[in-house]
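A short write-up of the structure that comes next.
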Amino acid sequence: GRMLGQVGPGKLVDSSKYCVILVDALGDGVSSSPSNSKVQPRMQFPKFTIRDMVKSQHALLTRVLKISHVHAVIGISMGGMQTFQWMVSYPSFMDEAIPIVGSPRLTSYDLLLWTAELHAIEYSKDWDHGNYTSPPVDAMDTVADIHTMNLTTPAYRVSHTSPAAFPKFLDDSQESTLKSFDANDWVRQLQAMMADDVSKPFGGSIEK
């Protein structure tokens, strides 16, 4: 749903020129996820990787939609990580690969960011290893704060949000996170991102 606003005539992905397929990643809450699995709910849902996400997307395209080649694969943020994995796993499947604010492997700062969000959830008194009776609002509010703080530069935030407007800005960012993500889904996706490195099968060499 978050990508829908980027698709349309004259937008980031021009649907008047291309047939556009939007695929929800594992753990997003629409595709197979801890929050919607009846057989393996919550933290019983197995850990998955960015590579698993891409493998499932390739299976959808080739087995279900019977598509053997696309013009482009594009993704933003975690989708950018998936785009790099597409380049490595299925390099001839697309003409173009367009990762946006993604990375082929995480830096120490990336790991610090995602670890902080993971700790915010795991250390919450309401988390109970994912077996909470009501959503751990305190944890997800902290996740939202950490996430929002890292979405832009400090200078951008200072110039775009006045101190007077800050309380509403904070409420909106926290509410959006709570509405958009289940805590169990977020944990499994954080773990997938933290493990991401497309060079692992190549001895850690990005060049290979």
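Values in this document were obtained by computation on a predicted structure and should not be read as measured data.
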Quiz item: Any cation-pi pair here, Arg42 with Tyr132, using under 6.0 Å and within 45°?
Solution: yes
Exercise. Go through the steps to decide whether His69 and Asp95 satisfy the test side-chain contact (heavy atoms from CB on, under 4.5 Å), and finish with yes or no.
Key: CA-CA 8 Å; His69 190 83; Asp95 297 325; 2.9 Å; yes
Self-check item: Qualifying salt bridge (Lys or Arg N to Asp or Glu O under 4.0 Å) pairs with a residue from residues 142-171, counting only residues at least two apart or across chains
Solution: Lys168-Asp172
Quiz item: Are Phe45 and Met43 joined in one hydrophobic group, where the rule is that I, L, V, M, F, W and Y side chains link up if heavy atoms are under 4.5 Å apart?
Solution: yes
Exercise. For the pair Lys200 (side chain) and Ala195 (backbone), establish whether a donor and an acceptor sit closer than 3.5 Å, ignoring hydrogens and angles.
Key: yes
Exercise. Say whether, by atom type as modelled, one donor and one acceptor occur between the side chain of Ser173 and the main chain of Leu170 under 3.5 angstrom.
Key: yes
Quiz prompt | In one Ile/Leu/Val/Met/Phe/Trp/Tyr side-chain cluster, 4.5 Å: Met94, Leu60 | solution = yes
Quiz item: Is there a side-chain contact (heavy atoms from CB on, under 4.5 Å) between Asp197 and Leu106 once you walk through the steps?
Solution: CA-CA 7 Å; Asp197 180 353; Leu106 269 62; over 6 Å; no
Quiz item: Can you name the nearest heavy-atom pair linking Thr115 to Leu111, along with the distance?
Solution: OG1-O, 2.6 Å
Quiz item: Are Ile146 and Met140 joined in one hydrophobic group, where the rule is that I, L, V, M, F, W and Y side chains link up if heavy atoms are under 4.5 Å apart?
Solution: yes
Quiz item: Can Ser199 and Ile206 be said to form a side-chain contact (heavy atoms from CB on, under 4.5 Å), step by step?
Solution: CA-CA 5 Å; Ser199 72; Ile206 289 290; 3.9 Å; yes
Exercise. Please list all pairs passing the ring pair (Phe, Tyr, Trp, His ring centres under 6.0 Å) test where one or both residues lie in residues 187-208, with sequence neighbours left out.
Key: none
Quiz item: Where does the angle between the aromatic ring planes of His58 and Tyr90 fall among parallel (under 30°), tilted (30 to 60°) and perpendicular (over 60°)?
Solution: parallel
Quiz item: Under the ring pair (Phe, Tyr, Trp, His ring centres under 6.0 Å) test, which residues partner His129, sequence neighbours left out?
Solution: none
Self-check item: Heavy-atom pair of closest approach, residues Val7 and Ser15
Solution: CG1-CB, 3.9 Å
Quiz item: So which heavy atom on Pro9 is nearest to which on Asp14, and how close?
Solution: CA-OD1, 3.4 Å
Quiz item: For the residue pair Thr142 and Ala120, what are the closest heavy atoms and their distance?
Solution: CG2-CB, 3.8 Å
Exercise. Determine whether the aromatic ring centres of Trp114 and His147 lie less than 6.0 Å apart.
Key: yes
Quiz item: Asp28 side chain to Val30 main-chain N or O, any donor-acceptor pair under 3.5 Å?
Solution: no
Quiz prompt | Nearest non-hydrogen partners of Gly75 and Thr83, listed with the distance | solution = N-OG1, 3.1 Å
Quiz item: Between Val20 and Ile100, is there a shared hydrophobic cluster once you connect ILVMFWY residues whose side-chain heavy atoms come closer than 4.5 Å?
Solution: yes
Quiz item: Which heavy atom of Asp185 sits nearest a heavy atom of Gly27, and at what distance?
Solution: CB-O, 3.1 Å
Exercise. Determine, step by step, whether Gln85 and Met53 satisfy the side-chain contact (heavy atoms from CB on, under 4.5 Å) criterion, reporting the C-alpha distance in whole Å, the side-chain angles of both residues, the deciding distance to 0.1 Å, and the verdict.
Key: CA-CA 9 Å; Gln85 186 62 56; Met53 295 177 188; over 6 Å; no
Exercise. Say whether, by atom type as modelled, one donor and one acceptor occur between the side chain of Thr49 and the main chain of Arg51 under 3.5 angstrom.
Key: yes
